[in-house]
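Both ligands and their constituent atoms are indexed starting at 1 by order of listing.
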Amino acid sequence: MPKRAPATAAKKTNSKPDPRPARGPKATNATSAKIKALEAFHDAPSGAVLTSDQGVAIPHTDDSLKAGLRGPTLLDDFHLREKITHFDHERIPERVVHARGSAAHGVFQVYDSLEQYTSAGFLCDPRRETPVFVRFSTVVGSRGSADTARDVRGFATKFYTQEGNFDLVGNNMPVFFIQDGIKFPDLVHAVKPEPAHEMPQAASAHDSFWDFVSLVPETAHMVMWLMSDRAIPRSLRMMEGFGVHTFRLINAKGKSSFVKFHWKPLLGAHSLVWDEALTLMGKDPDFHRRDLWNAIESGAFPEWELGLQIIPAGDELKYDFDLLDATKLVPEELVPVQRVGKLTLNRNPQNFFAETEQVAFHVGNLVPGIGITNDPLFQARLFSYVDTQLTRLGGPNFAEIPINRPIAAVANHHQDGLQRTTINTGTANYHPNSLGGGCPFLADAKSGYAHFPEPVDGVKTRERSERFLDHFSQATLFLHSLSAVERQHLTDACRFELSKVTRKEVRARVLSLFREIDPKLAEDVSIAIGVAVPKSFPVPPSGTRASTHRGDNGGISVAPSLSLEHQPKTSIKTRKVAVLAADGFEDEHVIALQAALVAAGATAELVSPVLGMITGARGKKLEVDKTFKNAASVFYDAVFVPGGAENLDALRGNIDARLFVAEAFRHCKTLGAAGEGVALLAAADLADVKLATGSKELVDEQGVVTAGAGVKTHALVRLLIAALATHRHWERASG
Ligand code: HDD
């Protein structure tokens, strides 16, 4: 142990047959081209001699050049000066939002041609493999903040297509806080740590965020998502992704349809529970980053299917919400998601700074066949992304940084600027020119990017369309689509967050907002925060109006697709099981479980009081992976305790072992035990759950699977794997 999932890409579920052969990191032409392009910038091979930046060989780097053994350091020491100067300038500004990120390389391939809708080459040719780089992020925290904070997750994908780079810069939630980008600085200022004391870090649970929410009713829908379990994903590999805005697809004949982009994880979307997320912030702040890295290293490549909701151009005004309003989604129950292709992340970055930190996304990086809409949030983003990179990456040449370079050839009339690396030859840096033979030539109308010729006619105004002002119908739809447990979690999250708000008037205003979404939610939260629900909804300041009109959400009152409970729960692939064991464990229990888990693509780790080898009752020797001090149940999806009298003696007296079990139970995870191991579960005081007592007894209750010493191990293991596939056992009282 540990045993890893087999190094093949996971099979698709619920999806079309894969047109390609099963794939590891083997690359096609376009992918190899990107790999090669990056390799050109790799540093010297191993075995090289240390040099200065100028390539001068350096024989000594441990002592500075001094005047005498105990004398002052000399300015002549060019090596010292270069080394310290470079070090002094290693940090660049972190992203103003989405500072903490983790990324991976991969590939995308469409299943069937979508030429009916779009001329985008990577969406039309099923034989074409397009290299991608995906960066996941939290929004609020600084670069060093913890991964499991309650927050929106960024899900940004750079497609290196043959026609140039296309960036799909989305989130793991399908809507946004605000409708117009002009409010983005206000939103971000409000949610970031407060300016006086720079607290709290990576958290929305403070006065200024909720003050903003209470005064800007258009935040209502997104706040429901933020308070839901979606904001604490189990893994970056188990999150849905959304392009959020309505985009356009444009086919070769110039016909346009509206589209919403989705990423559907093949492992399903799953979440942590809040207590677990809090513990993880201390026990492993890199929990998500490590999980992504390890999965890719072990060959369990994360996969998503690209989903499209295609809305015919004629249906632009069909719904009582507006397609240009980013605080609204199009329920899948109204417009189904078509799964059209697959994204596989199969390669970890080689250098965090060069790749994950320096990658620069931009919503305006579009390719022919994909267009934008007049969504005022989208429009502001078109300005913001390039603007922010100018400072963060030090000038206008950030597209020349290797990770940002397209695989398509670049030829234009740009020149100069900080850190320019292209050596432009010739004199014709303008268009039109004859000195350069007219190069670079203009693309023909068919292959070049053409903006969709949408008619525009209007007066200049700072008003919003009436169609944008129903802020509550979809918030209510979301809330009412959750399972009872998810709704309880959301209520608890609101109680927690508002209990951290020091100003009672802010708490009260938020309750009045909640009442517009659902009066029961307002009451349920009110009970816990010492403030009554106000009788009236305050009149928000100008510019943030709300309508009293409530839409009918296209005629649906519940949208099951919005609930995590409706995610597929058939596979245990990449799930992690902790096997608590010490010397004297029942060999067969551990060996059989380990084999069954590995066969199903899951992992088992041996957790014991100390590192080293432990020996089973029948002589099997196993190496311990983790100890009770450096691991915790929050790192795992399930816990198993094998039999063995000596094993039980070592564990039952160990408070960490008992806590390990009790905590997994509290977090509604699968637990299993066999033979004498059942006594450890009994010692952990698992409420009223029935455990096996007789030697031939096999009990499966509330996700706790126990077997007497006389039960065949494979029968126990079968039940345990089935319980693990359901992920959580919410029938237990608390989560
Ligand atoms: Fe943004 C980064 C996603 C609205 C301005 N945004 C950023 C990233 C993601 C998103 C995933 C991180 C990219 C990376 O990994 O480098 N942003 C969104 C989504 C939005 C959204 C899904 C709404 C639908 N953003 C938004 C608005 C503005 C910005 C309205 C400004 C008007 N976003 C930025 C930025 C960032 C950024 C300041 C910070 C770092 C960066 O761009 O490169 O320009």
*Are W304 and F136 an aromatic pair by the rule of ring centers under 6.0 Å?*
yes

*asked:* For the 3.5 Å polar cut-off, considering only N or O atoms, please tell me whether H245 and ligand 1 meet it.
replied: no

*Which protein heavy atom lies closest to atom 38 (C) of ligand 1, and at what distance to 0.1 Å?*
V96 CG1, 3.5 Å

*Given F242, Y385, F398, which has its nearest heavy atom closest to atom 25 (N) of ligand 1?*
Y385

_atom 31 (C) of ligand 1 - nearest protein heavy atom and its distance_ = F184 CD2, 3.2 Å

*May I ask you to identify the nearest protein heavy atom to atom 43 (O) of ligand 1, giving residue, atom name and distance to one decimal place in Å?*
Q389 NE2, 2.8 Å

*What distance separates H105 NE2 from T356 OG1, expressed to the nearest 0.5 Å?*
7.5 Å

*Does any N or O atom in N171 lie less than 3.5 angstrom from one in ligand 1, N or O only?*
no

*Short list, please: which atoms of ligand 1 are under 4.0 Å from a heavy atom of L377?*
23 (C), 24 (C), 30 (C)

*Is the charged tip of K158 near the ring of F361: under 6.0 Å from the six-membered ring centre and within 45° of its axis?*
yes

*Subset of ligand 1 atoms that lie under 4.0 Å from at least one heavy atom of R135*: 14 (C), 15 (O), 16 (O)

*Over all atoms of both residues, closest heavy-atom pair of S481 and A559*: OG-N, 2.7 Å

*Student check: side-chain heavy atoms of K183 and T219 closer than 4.5 Å*: no

*Heavy atom of A326 under 4.0 Å from ligand 1?*
no

*Taking the side chain from S137 and the backbone from V139, do they hold a donor-acceptor pair closer than 3.5 Å?*
no

_Worked check of side-chain hydrogen bond (donor to acceptor under 3.5 Å, both in side chains) between H288 and R237_ = CA-CA 9 Å; H288 284 150; R237 303 174 292 118; over 6 Å; no

*Identify the closest protein heavy atom to atom 10 (C) of ligand 1: which residue and atom is it, and at what distance?*
H98 NE2, 3.2 Å

*Residue and atom name of the nearest protein heavy atom (relative to atom 23 (C) of ligand 1), distance in Å to one decimal*: F176 CD1, 3.4 Å

_Shortest reach to atom 11 (C) of ligand 1 by a heavy atom, considering only G181, G170, P185_ = G170

_Heavy-atom distances under 4.0 Å decide this one: backbone, side chain, both or neither, for T388 against ligand 1?_
side chain

*Where the closest heavy atom to atom 35 (C) of ligand 1 is concerned, which of S384, A360, P174, P376 has it?*
S384

*For G154, atoms of ligand 1 separated by under 4.0 Å from a heavy atom*: 11 (C)

*Within the distance-only criterion (no hydrogens, no angle test), does the side chain of W225 pair as donor or acceptor with the backbone N or O of F478 below 3.5 angstrom?*
no

*For atom 16 (O) of ligand 1, closest protein heavy-atom neighbour*: R95 NE, 2.8 Å

*Would you confirm whether R100, through its side chain, and S145, through its main-chain N or O, come within 3.5 Å as a donor-acceptor pair?*
yes

*Near-ring test F159/F108, centroid separation under 6.0 angstrom*: yes

*Which protein non-hydrogen atom lies closest to atom 18 (C) of ligand 1, naming both residue and atom, and how far is it?*
R381 NH2, 3.0 Å

*Please state which part of V97 comes within less than 4.0 Å of ligand 1, counting heavy atoms only: side chain, backbone, both or neither.*
both

*Are the side chains of R95 and T388 in touch, meaning some heavy atoms are under 4.5 Å apart?*
no

*Ligand-side contact atoms (ligand 1) for residue partner F361, heavy atom cut-off under 4.0 Å*: 13 (C), 14 (C), 15 (O), 16 (O)

_Which heavy atom of R467 sits nearest to which heavy atom of D322, and what is that distance?_
NE-OD2, 2.8 Å

*Using distance alone, decide if ligand 1 has a nitrogen or oxygen within less than 3.5 Å of any nitrogen or oxygen in R392.*
no

